[in-house]
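Heads up: the structure comes next, in structure tokens.
Here is how names work: the chains are called A, B, and so on, in the same order as the sequence lines, proteins then strands, and each is numbered from 1.
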Protein chains: 2
Amino acid sequence: MTTTTETNAAGATPDASWAERAAALDAANPLAPCRERFLLPEGVTYLDGNSLGALPAAVPEAVRDGVARQWGEGLIGSWFGEQARWWELPHRLGDRVGALLGAAPEQTVVGDSTSVQIFNTLVAAARLRPGRGVLLTDAGHFPTDAYLADSVGELLGLRVERVRPQEFADAIARHGEDLAVAAFPAVDFATGERWDIPALTRAAHEVGAVAVWDLCHAAGAFPLELDAWDVDFAVGCTYKYLSGGPGAPAFVYANRRHHMQMHQPLTGWTGHAEPFAMHGTYTPAEGVGRARIGTPTILSMLALEAAIGAFDGVDLEVLRAQSLSLTGFFIECCDALLAGRGFALVTPREPERRGGQVTLRHPDAATLVPAAAARGVVGDKREPDLLRYGFNALYNTHADALRAARTLAELCEG
Amino acid sequence: MTTTTETNAAGATPDASWAERAAALDAANPLAPCRERFLLPEGVTYLDGNSLGALPAAVPEAVRDGVARQWGEGLIGSWFGEQARWWELPHRLGDRVGALLGAAPEQTVVGDSTSVQIFNTLVAAARLRPGRGVLLTDAGHFPTDAYLADSVGELLGLRVERVRPQEFADAIARHGEDLAVAAFPAVDFATGERWDIPALTRAAHEVGAVAVWDLCHAAGAFPLELDAWDVDFAVGCTYKYLSGGPGAPAFVYANRRHHMQMHQPLTGWTGHAEPFAMHGTYTPAEGVGRARIGTPTILSMLALEAAIGAFDGVDLEVLRAQSLSLTGFFIECCDALLAGRGFALVTPREPERRGGQVTLRHPDAATLVPAAAARGVVGDKREPDLLRYGFNALYNTHADALRAARTLAELCEG
């Protein structure tokens, strides 16, 4: 398989050896028992957890209880009653997610969609730097980030500049004190390339700008140290590596030092200092609670709460090591089994430059992805010719990686 | 019981006669079989469905299926696969809700929170009237509407004027061509008073303004004719009379004639004309789809979809007649049983001026509401001294109304 700059020789290892290596690696995996924490369909190799995480085993009962007991029996009383305490779920969940982000408590809340949180956070960030004219973002950012940056630019009169990640640092320095906000992804959704959060945050701070990170492809995929890196704001979804379920609510992290100054446009009633006093004017809550917006979507939150339990007792450094073992092994398998078949590796080979996903390029991506899925290997396709395979170290195995590469090879044989 | 302007004599009807009347009214209720469509806890008289609707009987299985089969087995394939078709849920649900609003299909979508939809819609509405300076809203509006109107005013440079409902029509006329948007509630959340949507919409249109209605306390409570009334935009929640569950997603109605011009600030990727083409710039979908924002919160939507089935075959005119019978009977009971005990009726006595809720005032509201709940009669309290009792004609009975009034009377006896 080729990358832009190098070609790898086709592997000569016989098939049986690959299977033995995969089995040995899986046998040595300290996280192997975590696979039991998920309900994976028989016969399916699921490598699309970077789009929608698999179903955690604790979710069905948590949701059943939420519906039948908390809603059905507790009714309105479940908002504050001991039987459910729904009202505090955005904070309770926020702290659970925050613990996976390297965030001390009371800086993260869960609620609303990623798109909404990106908008709200970009405006709040820009308002911290009045008089500055530029919002810098990634030219290859996930579309919703790009669209909302444009919308914020239009509303606030900011110039939105999009640069490729290789130019992030230079662009920050070039704009200097005219830079209000730098908004980047932790991992490129298409290529799987991972960017340097601490270095770019420092660069933004050097010119006095505010850094906003999109952690959709990072949260739960590898360790983060938002507090230690002095990140300003971060937003992400919870339905990828956190396996919170389809359309599970987003999270927003706001560094404690910004709490008293941050002024969001989505001044929903649940972010009010005294939400039930029903005051006519908005007084934001003192802490991160002001990042709350509308009435929290409880059933989806209960699913997420149960899902996060799959991380209980998991050392994220071990998770990262396993994740890199999986993606590294998959790349090896692809190098060997897909050589000469028109594939190119898009994701960087260097482990530190990857997230949990491996992206391949092939002119027939649009037919190969569904054909592989029909044979039980589920990934996804991104325009124009990308095949994405995401590995969640809590439930994926080296055998999954091998099966995926073999299946693609078989499909090319026809 | 007193109102501001009149005093009613205490009723002399003996207790048994009240019970007989309630039983007779309930026996004659054509919607009585609908109560079976809800799972109500034994012994509880639930009169807080104007805050959180009771659990519809179809919901537990729909959610179980959504979790176990659609998510657990269907995984990523459920977004578009026949087994679930999650992607179209915002439209599928929108049309179901729209049918209860007097809206022809393809003008309503479901998603995100009411607060978010209010913001998005107010900005879109104001942008339809560039150069106009005033956003007019209700001084007694639900707080989130007030806060978001202020936020929109700040972002767009509009002056936000708040008037009491009695002044709505005069204020519209006074601002004339400087009025961009008039944003009112269909029913006052605190007093339960119902406003005249068609008349106020006409008044707004006469000066060329755009009317935005908050239908939180109207949708599912009584018939609406948004198309016939030529309403511009409407937003509402689905967890009150629609019983969609705690924090169920909001809906937004956009009149078809605005679709091609409306320009929302929340340009989330799901509202794009080609969401999966991953274009770098936002091109809104042609129809109401451009009102979609973020990734839809599927589990909550599946609960709502099942909940709306409770309206199957229900004539909303019959529902309205039953609702008025319930609230009218409750007022009668209160007049008779609570006379001389310090209560005042806040909600108008005239049926056409009520929604589905009856609000009482009492200096001890803060202790009476929980005390009644402890005796199985659940309503809620609003600042400073209001007791709210909401009637959902799909599951509430005249016996519920009588029990509520009797319980309040007993509490006053000590």
query: Is it the backbone or the side chain of Q117(A) that comes under 4.5 Å from a heavy atom of chain B, or both, or neither?
result: neither
message: Is H272(A) in contact with chain B via its backbone, its side chain, both, or neither, using a 4.5 Å heavy-atom distance?
response: side chain
field: For F189(B) against M278(A), the heavy-atom pair lying closest together
entry: CE1-SD, 3.8 Å
query: Which heavy atom of P41(B) sits nearest a heavy atom of G72(A), and at what distance?
result: CG-O, 3.4 Å
message: Is there a side-chain contact between F276(A) and K381(B) in this structure, where contact means two heavy atoms from C-beta onward sitting under 4.5 Å apart?
response: no
- request: Under 4.5 Å heavy-atom distance to chain A, tell me which part of L302(B) shows up: side chain, backbone, both or neither.
  value: neither
task: Under 4.5 Å, counting heavy-atom pairs only, tell me which of A250(B), P246(B), S78(B), P143(B) racks up the most with chain A.
output: P246(B)
Side chain to side chain contact (heavy atoms under 4.5 Å, CB included) partners of L40(B), counting only residues at least two apart: R35(B), F38(B), Y46(B), A54(B), Y395(B)
- prompt: So do the side chains of T267(A) and T144(B) get within less than 4.5 Å of each other, counting heavy atoms only?
  reply: no
field: Gap separating the CZ atom of F119(B) from the CD atom of Q264(A), nearest 0.5 angstrom
entry: 11.5 Å
- request: Could you pull out the closest heavy-atom pair between R162(A) and G280(B), with the gap in Å?
  value: NH1-O, 2.6 Å
- request: Between chain A and each of G268(B), A146(B), G66(B), count heavy-atom pairs under 4.5 Å; write down the option with the most.
  value: G268(B)
field: T114(A), part contacting chain B, at a heavy-atom distance under 4.5 Å
entry: neither
Which portion of L39(B) sits near chain A, non-hydrogen atoms under 4.5 angstrom: backbone
- request: Could you tell me which of G74(B), G111(B), P384(B), S115(B) has the largest number of non-hydrogen atom pairs under 4.5 Å with chain A?
  value: S115(B)
query: How long is the span from the CG atom in L55(B) to the CZ atom in R69(A), to the nearest 0.5 Å?
result: 13.0 Å
task: Measure from the side-chain N and O atoms of W71(A) to the backbone N and O of G53(B), and report whether any donor-acceptor pair falls under 3.5 Å.
output: yes
query: Is the backbone N or O of L266(B) less than 3.5 Å from a side-chain atom of S151(A), with the two atoms forming a donor-acceptor pair by type?
result: no
field: For the student: nearest non-hydrogen atoms of L148(A) and P265(B), plus distance
entry: CD2-O, 3.8 Å
query: Using a cut-off of under 4.5 Å for heavy-atom pairs, which of D150(B), V44(B), I76(B), N120(B) has the most such pairs with chain A?
result: I76(B)
- prompt: Can you tell which of D48(A), L75(A), I298(A), D380(A) has the highest number of heavy-atom pairs within less than 4.5 Å of chain B?
  reply: L75(A)
query: Quick one: of V63(B), I293(B), T281(B), who has the most non-hydrogen atom pairs under 4.5 Å with chain A?
result: T281(B)
message: Are the side chains of V116(A) and D112(B) in contact, using a 4.5 Å heavy-atom criterion?
response: yes
field: R127(A) portion near chain B, given a 4.5 angstrom heavy-atom threshold
entry: side chain
query: Given that the side chain runs from C-beta out, which part of P296(A) has a heavy atom under 4.5 Å from chain B: side chain, backbone, both or neither?
result: backbone
- prompt: Would T295(A) and S113(B) count as a side chain to side chain donor-acceptor pair (under 3.5 Å) if you check the C-alpha gap in whole Å, the side-chain angles of each, and the deciding distance to 0.1 Å?
  reply: CA-CA 6 Å; T295(A) 303; S113(B) 68; over 6 Å; no
message: Counting heavy-atom pairs under 4.5 Å with chain B, which one of G245(A), A149(A), G49(A) comes out on top?
response: G245(A)
message: Using a 4.5 angstrom heavy-atom cutoff, name the option from E154(B), E73(B), R64(B) with the most pairs to chain A.
response: E154(B)
- prompt: In Å, rounded to the nearest 0.5 Å, how long is the span from OG1 of T297(B) to CE of M301(A)?
  reply: 8.5 Å
- prompt: When the aromatic ring centroids of F142(A) and W269(B) are compared, is their separation below 6.0 Å?
  reply: yes
